[in-house]
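Okay, structure first, notes after.
As the structure is a prediction and not an experimental result, all values here were calculated from the model. Ligands are counted one by one from 1 in listed order, and the atoms in each one are counted from 1 as well.
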Amino acid sequence: MQKLSEVEHIKDNSDYLRGSLNESLDNRITGALFPDDTNLIKFHGSYQQTDRDLDSERKAQKLESLFSFMIRIRVPAGVATPAQWLRMDELSDQYGNGTIKLTTRQAFQLHGIRKRDLKATIRGFNDVLLDSIAGCGDVNRNVMCSPNPNESRVHQAVFEVGKAISDAFTPQTTSYYEIWLDGEQVDETQPFRTTKTEGKDVEPVYGKTYLPRKFKIALAVPPHNDTDIFANDIGLIAIQQDGELIGFNVTAGGGLGMTFGMPETYPRLGDVLGFVSVADTLAVCEAIITTQRDFGNRENRKFSRLKYTVDRMGLDAFKAEVEQRAGVAFGAAQPYEFTHNGDPLGWKTTESGKFNFTLFVEGGRIVDTPQYALRTALRAIAGIHDGDFRLTGNQNLVIGNISPEKRPAIEAIMEKYGLLNTTFNQTAMRQFALACVALNTCSQAFAEAERYLPSLLDKIDGILRQTHLDREPINIRMTGCPNGCARPYLAEIGLVGKSPGYYNLYLGGAHDGSRLNKLYLEMLDEAAILRELTPLLEAFSRERTRGEHFGDFVIRKEIVAATHHGLDFHA
Ligand code: SRM
Ligand code: SF4
């Protein structure tokens with residue numbers, strides 16, 4: 001019998017995620033919630049945070065920390081309408097810190113919202129049919145999908161499967177509507193469905209204690225691994241025949257978080273279980289989710305992710321359990337090839353003769369600065385756009401489905417505000433770079449990431465130009481802690497914050513996201529990072545074989561050993 005963790009008791013006693021959230025929200029004495037509710041609000045898509053830049057100053061003045069909330073708004077498969085974009089833009093000013101964050105899982109985040117404004121903010125995006133249920137918490141999160149659904153018929157079909165998965169595994173509790181919108185589900189046009197039986201909430205898939213831990217699903221259409229499917233609890237690799245989607249190779253057990261000093265925790269790539277048809281996909285996903293629900297560790301949250309369940313059960317036993325629950329036998333995995341895990345930037349024509357423009361967004365942050373009025377530009381585009389917006393899994397933005405009639409006007413706005421210049425005139429490494437939020441809002445951050453990486457890249461750009469590697473797409477990713485939110489362990493160059501100003505350097509990830517990297521050196525400051533990277537990049541430029549990627553080069557040269565499984569990550 002497992003000794004359940006504290007969070008399990010909080011979920012169990014919460015009456016389907018209500019807890020005392022209403023009382024917490026009404027309490028005017030503090031800007032914070034009651035402690036248990038800080039856990040429950042995650043399931044509603046929000047985190048209580050403090051402004052870490054101000055924490056010590058406020059403490060010195062014996063003031064309460066400056067509490068505010070981050071809200072993560074789900075955007076299934078990353079597709080948003082211009083009206084939704086405009087509303088996010090408006091809410092970020094009205095209640096947030098004037099910025100919108102495009103996350104590494106194709107969602108929106110608003111930061112800096114005061115407790116008193118939470119309801120108004122949620123109402124604000126509910127009006128345009130967006131919600132934040134399951135943005136965070138021990139449930140299936142925002143489902144990721146290759147962000148160009150209209151690029152081909154297969155993309156469109158994969159997008160439909162992604163939507164169906166998202167709908168099937170959205171929590172069904174009425175508490176979200178009750179707490180934030182003062183009622184139960186208003187009508188069936190609302191963003192997600194709720195279920196009651198005999199007047200009581202039910203969660204047909206999750207049960208009242210939901211999953212042991214967060215759960216993530218992504219779909220990808222080869223050759224683009226732009227959703228980094230191997231980092232997900234479930235990954236679905238689209239398999240096509242004669243231009244039609246026939247099914248998916250299913251992966252299970254991916255996840256990247258680890259804790260420094262605890263080698264029993266490790267990043268792990270999903271294993272390919274086998275092939276399933278489109279018709280069986282939902283049943284197989286449900287079987288994986290319920291296997292994790294019933295077999296996952298509910299005692300110690302450090303070991304609760306599916307990756308540890310798979311390694312504890314053994315892959316064969318896990319697969320057999322899934323097949324038995326789904327009533328589906330996996331077929332042999334079908335051949336596929338990924339070539340990269342970044343976003344191809346710039347213009348693309350869709351099969352129906354419209355246009356997609358993938359815009360580079362540094363750190364995924366939509367903000368106006370004196371030099372670059374990105375938020376203003378996108379507001380202007382949303383005001384006239386007749387297509388949609390697709391958030392990518394690499395913190396970029398596709399202005400999608402632009403009609404030939406609208407393209408000149410949209411292009412003129414992009415030209416006026418410098419969007420074309422930012423997208424095209426960068427080193428390829430910067431275009432591929434990812435950085436997590438880290439300071440000043442993330443409670444877990446040991447070091448800077450999003451606020452610092454651009455200035456580090458300014459210096460690395462110099463080395464790239466000298467070594468003629470400025471057009472070489474080497475992927476670099478930085479996080480402020482080992483949790484892995486910018487997927488640094490899948491990067492060719494991974495930098496993971498250890499303490500303020502110091503990073504561990506990981507090398508040897510595959511360019512297509514199919515191999516983890518390995519720790520090369522610990523506790524490097526900026527000078528040391530540049531000192532270490534310079535000779536490696538020089539050697540790469542001189543000695544690489546034709547078409548060889550940097551991640552493969554450092555392994556061939558035995559600078560680091562290849563990591564074949566999460567269990568070897570620390571070896
Ligand atoms: Fe993450 C926790 C931000 C993608 C692994 N993540 C957090 C929190 C909520 C910090 C916290 O627990 O207090 C961060 C909020 C910071 C802030 O101020 O906004 C945070 N994670 C993010 C985002 C916004 C990073 C970004 O810059 O884009 C991404 C939001 C995605 C979304 O829309 O849902 C984000 N996080 C990821 C990913 C990447 C992915 O899913 O592809 C990972 C690695 C994959 C994985 O899940 O293993 C990731 N985040 C974590 C973990 C480690 C989980 C683990 O198994 O150990 C934590 C900490 C935790 O869960 O205890 C975490
Ligand atoms: Fe915060 Fe760490 Fe995630 Fe970065 S990787 S957002 S520092 S939890």
Side-chain angles (χ1 to χ4, degrees), residues 7 38-39 41-42 45-52 68-76 78 97 99 101-112 132 134-144 212-218 226-233 235 253-260 262 265-270 301-308 341 361 363-365 391-396 434-453 477-490 494-498 513 566:
V7 177
T38 59
N39 278 295
I41 199 169
K42 295 178 189 178
S46 180
Y47 265 72
Q48 177 175 302
Q49 302 183 317
T50 60
D51 183 337
R52 293 187 56 193
S68 68
F69 291 79
M70 171 273 270
I71 304 190
R72 189 177 290 162
I73 295 104
R74 284 193 316 150
V75 189
N97 66 359
T99 76
K101 171 84 179 181
L102 309 182
T103 75
T104 52
R105 292 195 69 79
Q106 300 179 287
F108 290 120
Q109 275 189 191
L110 298 177
H111 288 99
S132 60
C136 323
D138 299 342
V139 281
N140 182 46
R141 306 283 187 90
N142 199 41
V143 174
M144 294 178 78
R213 203 65 161 86
K214 55 172 68 164
F215 198 92
K216 300 182 172 179
I217 303 180
D226 44 13
T227 52
D228 256 332
I229 59 138
F230 297 107
N232 286 264
D233 296 88
L256 298 184
M258 65 155 186
T259 304
F260 284 140
M262 278 186 78
T265 64
Y266 47 88
R268 185 188 191 284
L269 300 190
R301 291 177 65 80
K302 289 234 180 270
F303 302 102
S304 295
R305 290 293 294 273
L306 179 70
K307 59 183 175 178
Y308 300 116
N341 62 352
V361 182
R365 189 67 68 170
L391 284 59
T392 83
N394 292 305
Q395 301 174 326
N396 293 317
L434 289 184
C436 73
V437 179
L439 296 164
N440 65 326
T441 53
C442 179
S443 66
Q444 310 283 306
F446 299 131
E448 297 280 353
E450 183 194 321
R451 297 196 296 192
Y452 167 56
L453 184 60
R477 297 173 172 186
M478 175 181 273
T479 56
C481 88
N483 280 331
C485 299
R487 302 188 287 271
Y489 311 116
L490 287 170
L495 289 161
V496 176
K498 190 101 200 253

### Query
Is any N or O atom of Q106, backbone or side chain, closer than 3.5 Å to an N or O atom of ligand 1?
no
#### Entry: From CA spacing to verdict: side-chain contact (heavy atoms from CB on, under 4.5 Å), K216, R305
CA-CA 10 Å; K216 300 182 172 179; R305 290 293 294 273; 4.0 Å; yes
### Task
Would you please determine whether A435 falls within less than 4.0 Å of ligand 1 on a heavy-atom basis?
yes
### Query
Protein heavy atom under 4.0 angstrom of atom 8 (C) of ligand 1, is there one?
no
### Query
Got a sec: is C485 within less than 2.8 Å of atom 1 (Fe) of ligand 1 via an N/O/S atom?
yes
### Query
Under 2.8 Å from atom 4 (Fe) of ligand 2, protein N/O/S atom count?
1
### Query
Non-hydrogen atoms of Q109 versus ligand 1: any pair closer than 4.0 Å?
yes
### Query
Out of K216, R105, Q444, whose heavy atom is nearest to atom 38 (C) of ligand 1?
K216
### Task
Measure the distance from atom 13 (O) of ligand 1 to every protein heavy atom, then report the residue, atom name and distance (to 0.1 Å) of the closest one.
S443 OG, 3.2 Å
### Query
Which ligand 1 atoms does C436 reach within 4.0 Å, using its non-hydrogen atoms?
27 (O)
### Query
What part of A486, side chain from CB on, backbone N/CA/C/O, both or neither, has a heavy atom under 4.0 Å from ligand 1?
neither
### Query
Can you tell me which residue and heavy atom of the protein come closest to atom 15 (C) of ligand 1, and the distance to 0.1 Å?
M70 CE, 3.8 Å
### Query
Considering only the protein, which heavy-atom contact is closest to atom 33 (O) of ligand 1, and what is its distance?
T103 OG1, 2.6 Å
### Summary
To atom 22 (C) of ligand 1, the nearest of Q49, R141, R72 on a heavy-atom basis is R72
#### Entry: Ligand-residue contact atoms, ligand 1 with G257, heavy atoms, under 4.0 Å
48 (O), 53 (C), 55 (C), 57 (O)
#### Entry: Numbering as shown, the atoms of ligand 1 that approach R213 to under 4.0 Å (heavy-atom distance)
60 (C), 61 (O), 62 (O)
### Task
Taking only heavy atoms of G484 into account, list the atoms of ligand 2 that are under 4.0 Å away from them.
5 (S)
### Task
Heavy-atom contacts with A107 under 4.0 Å: which atoms of ligand 1 show up? List them by number with element.
33 (O)
#### Entry: Residue G484 vicinity, atoms of ligand 1 by number, heavy atom under 4.0 Å
38 (C), 43 (C), 44 (C)
### Query
Any idea which atoms of ligand 1 are less than 4.0 Å away from a heavy-atom of T441?
17 (C), 18 (O)
### Summary
Looking only at protein heavy atoms, what sits closest to atom 28 (O) of ligand 1 is T104 N, 2.9 Å
### Message
Tell me whether ligand 1 is touched by H111 - counting only heavy atoms on the residue side and a distance under 4.0 Å.
### Response
yes
### Task
Taking the side chain as every heavy atom from C-beta outward, state whether V496 and F260 have any pair of such atoms under 4.5 Å apart.
yes
### Query
Quick check: does K214 get an N/O under 3.5 Å from an N/O on ligand 1?
yes
### Summary
On a heavy-atom basis, the closest approach of C436 and G480 is SG-N, 3.4 Å
### Message
Give me the nearest non-hydrogen protein atom to atom 16 (C) of ligand 1 as residue plus atom name, then the distance to 0.1 Å.
### Response
C442 CB, 3.6 Å
### Nitrogen or oxygen of R305 less than 3.5 angstrom from that of ligand 1
yes
### Query
Quick one: do R141 and D233 make a salt bridge, cutoff under 4.0 Å?
no
### Task
Could you walk me through whether T259 and K302 pass the side-chain contact (heavy atoms from CB on, under 4.5 Å) test, one step at a time?
CA-CA 8 Å; T259 304; K302 289 234 180 270; 3.2 Å; yes
### Task
Could you tell me whether the side chain of M144 reaches within less than 4.5 Å of the side chain of D228, counting heavy atoms only?
no
### Message
Students should be able to answer this: which protein heavy-atom is nearest to atom 48 (O) of ligand 1, and at what distance?
### Response
L256 N, 2.6 Å
### Task
Please identify which atoms of ligand 1 are closer than 4.0 Å to at least one heavy atom of Q395.
26 (C), 27 (O), 28 (O)
### Message
How far is atom 5 (C) of ligand 1 from the closest protein heavy atom, and which atom is that?
### Response
N483 O, 3.3 Å
### Task
Give the residue, atom name and distance (to 0.1 Å) of the protein heavy atom nearest atom 12 (O) of ligand 1.
Y47 CE2, 3.4 Å
